Amino acid sequence: MPELPEVETIRRQLEPLLRGRRLVDAWAFPHPKFTPALDAAGATVDTVSREGKYLLLGLGDGRDLVIHLGMTGSLRVRPQGEPGDPYVRAHWVLDGGGPDGTAAGAGHGAGEALEYRDVRRFGRLAVVRPGEHHGTLGVQGPDALDPALTDPAFWRALQGSRRALKTQLLSQRPIAGVGNIYADEALWRARLHPARRSVTRTQAAALLDALRAVLTEGVENGGTTLRDYRTVAGERGRNQTRLDCYGRAGEPCRRCATPLRRIVLDARSTTFCPVCQRR
DNA sequence: GTTGCGTCCTGGACGC
DNA sequence: TGCGTCCAGGACGCAA
């Protein structure tokens, strides 16, 4: 399930492949979540950016193509005419590149397409105009890796709700980009119980540090592949072998050797250490 | 406005 | 081998 590190890995790989190239044609699976792909046809990609889990392709005219990968979404650039994939939900035919030496300078040619693949169809696409917002993107908090987000600001954001700490992180409201895997990892590192409903300033600062650490390591390792996630190059991430908490229920805590416990919180599988992370 | 729950969606794991 | 059931979870809609 693509979270911030997975989306950032994809963004870094896509940028040199797409910048300066025109989306000369588009196709979309006939569902309202994917048909907005057609609105991007004819535009030229001038930026490839990310906000939380959203990937944004600047279309050169002030509009953005907003891509959310959901749980099983992925993006890849493939030669046109390769065998069909039933799980491709949209694709954009690419031209040979712009005149500024970006994609063209890298040797890309016509006959390629950007493909959006999403087996479970939890992802979504949108084209937004300047000032418009799309779903959660319009109301989510600052990006988790945004250096402008300070400890006091994060603490104040958490004070705005009495929901469980992990539920708040997954809501994207206090901070954007965190999903189930990295929430469990960060809470374990910060020694905070996922169902806590309040934190001190010190605990909030520790949690923000832990979030940034696990997300940065995730980016450095090319993301976490548990099942579906693949990079633009079709490779698996490497971070799944370095997880301390998520998915290790029943195994010993790497700090105190107590068996990690699994609970269901907010309908999400949650793993934590009952000794290190007291409520 | 906030909170909690149901829904969407399908491949894979598992039990019989 | 084949079938049925359960699980995974991000975002959104709806009711309380």
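Any value given below was found using the heavy atoms of this structure, including those in side chains, with hydrogens, waters and symmetry copies removed. The sequence lines fix the lettering, A, B, ..., with proteins before strands; numbering per chain opens at 1. Source: prediction; values computed, not measured.
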Discussion item. How many whole angstroms separate atom CD of A/Q172 from atom P of C/dA11?
Written reply: 5 Å
Practice prompt. Could you verify whether a donor N or O on one side chain and an acceptor N or O on the other, from A/E115 and A/Y87, lie under 3.5 Å apart?
Written response: no
Worksheet item: So what does A/R117 touch, heavy atoms closer than 4.0 Å: a base, only the sugar-phosphate, or nothing?
Response: nothing
Worksheet item: Among the nucleotides B/dC9, B/dG4, C/dG10, which one has an atom lying closest to any side-chain atom of A/R121?
Response: B/dC9
Practice prompt. Give a yes/no answer on whether the side chain of A/S161 brings an N or O atom under 4.0 Å of OP1 or OP2 in B/dT3.
Written response: yes
Fill in: Flag side-chain contact, heavy atom, 4.5 Å: A/T47 against A/L56
no
Practice prompt. Heavy atoms only: give me the nearest A/R117-A/D85 pair and the separation to one decimal.
Written response: NE-OD2, 2.5 Å
Fill in: Residue pair A/T231 / A/Q13: nearest heavy atoms and the distance that separates them
CB-OE1, 3.2 Å
Item to complete: Would you tell me if any nitrogen or oxygen in the side chain of A/H31 comes within less than 4.0 Å of OP1 or OP2 on B/dC9?
Response: yes
Item to complete: Both distances under 3.5 Å, Watson-Crick or G-U wobble: report the partner of C/dT1, or none.
Response: none
Practice prompt. Rounded to the nearest angstrom, tell me the gap between atom CG in A/L125 and atom P in C/dC12.
Written response: 13 Å
Discussion item. Categorize A/S269 for me: base, sugar-phosphate, or nothing, with a 4.0 angstrom heavy-atom threshold over every strand shown.
Written reply: sugar-phosphate
Practice prompt. Respond yes when some side-chain nitrogen or oxygen of A/R162 is under 4.0 Å from OP1 or OP2 of B/dG4, and no when none is.
Written response: no
Worksheet entry | Check: C/dA8 base within 3.5 Å donor-acceptor of A/R120 side chain | yes
Fill in: Given B/dT3, C/dA11, B/dG11, the nucleotide with the shortest approach to the side chain of A/H68
C/dA11
Fill in: A/R197 or A/R268, whichever maps to the more 5' nucleotide of DNA chain B
A/R197
Item to complete: Take the angle between the ring planes of A/F34 and A/Y116 and call it parallel below 30°, perpendicular above 60°, tilted in between.
Response: tilted
Worksheet entry | Rounded distance in Å - CZ (A/R89) to C1' (B/dC9) | 9 Å
Worksheet item: Rounded to whole angstroms, how far apart are CE on A/M71 and P on B/dT7?
Response: 18 Å
Worksheet item: A/K53 side chain N/O closer than 4.0 Å to the phosphate oxygens (OP1, OP2) of C/dA11?
Response: yes
Worksheet item: So, is A/R124 close to the C/dA11 phosphate, meaning a side-chain N or O under 4.0 Å from OP1 or OP2?
Response: no
Worksheet item: Does some side-chain heavy atom of A/F272 sit less than 4.5 Å from a side-chain heavy atom of A/L260?
Response: no
Worksheet, complete the sentence: Atom CG of A/L170 and atom C1' of C/dA11 are separated, to the nearest Å, by 11 Å
Fill in: For atom NZ of A/K33 and atom P of C/dC12, their distance in whole Å
10 Å
Worksheet item: Hey, which of these two, A/R163 or A/Y87, hits DNA chain B nearer its 5' end, going by closest nucleotide?
Response: A/R163
Item to complete: Determine the contact category for A/Y246: base if any of its heavy atoms lies under 4.0 Å from a base atom, sugar-phosphate if only primed atoms, P, OP1 or OP2 are that close, otherwise nothing.
Response: sugar-phosphate
Worksheet item: Roughly, in whole Å, what's the span from CD1 in A/I175 to P in C/dG10?
Response: 16 Å
Worksheet item: To the nearest angstrom, how far is A/Y54 atom OH from C/dG10 atom C1'?
Response: 9 Å
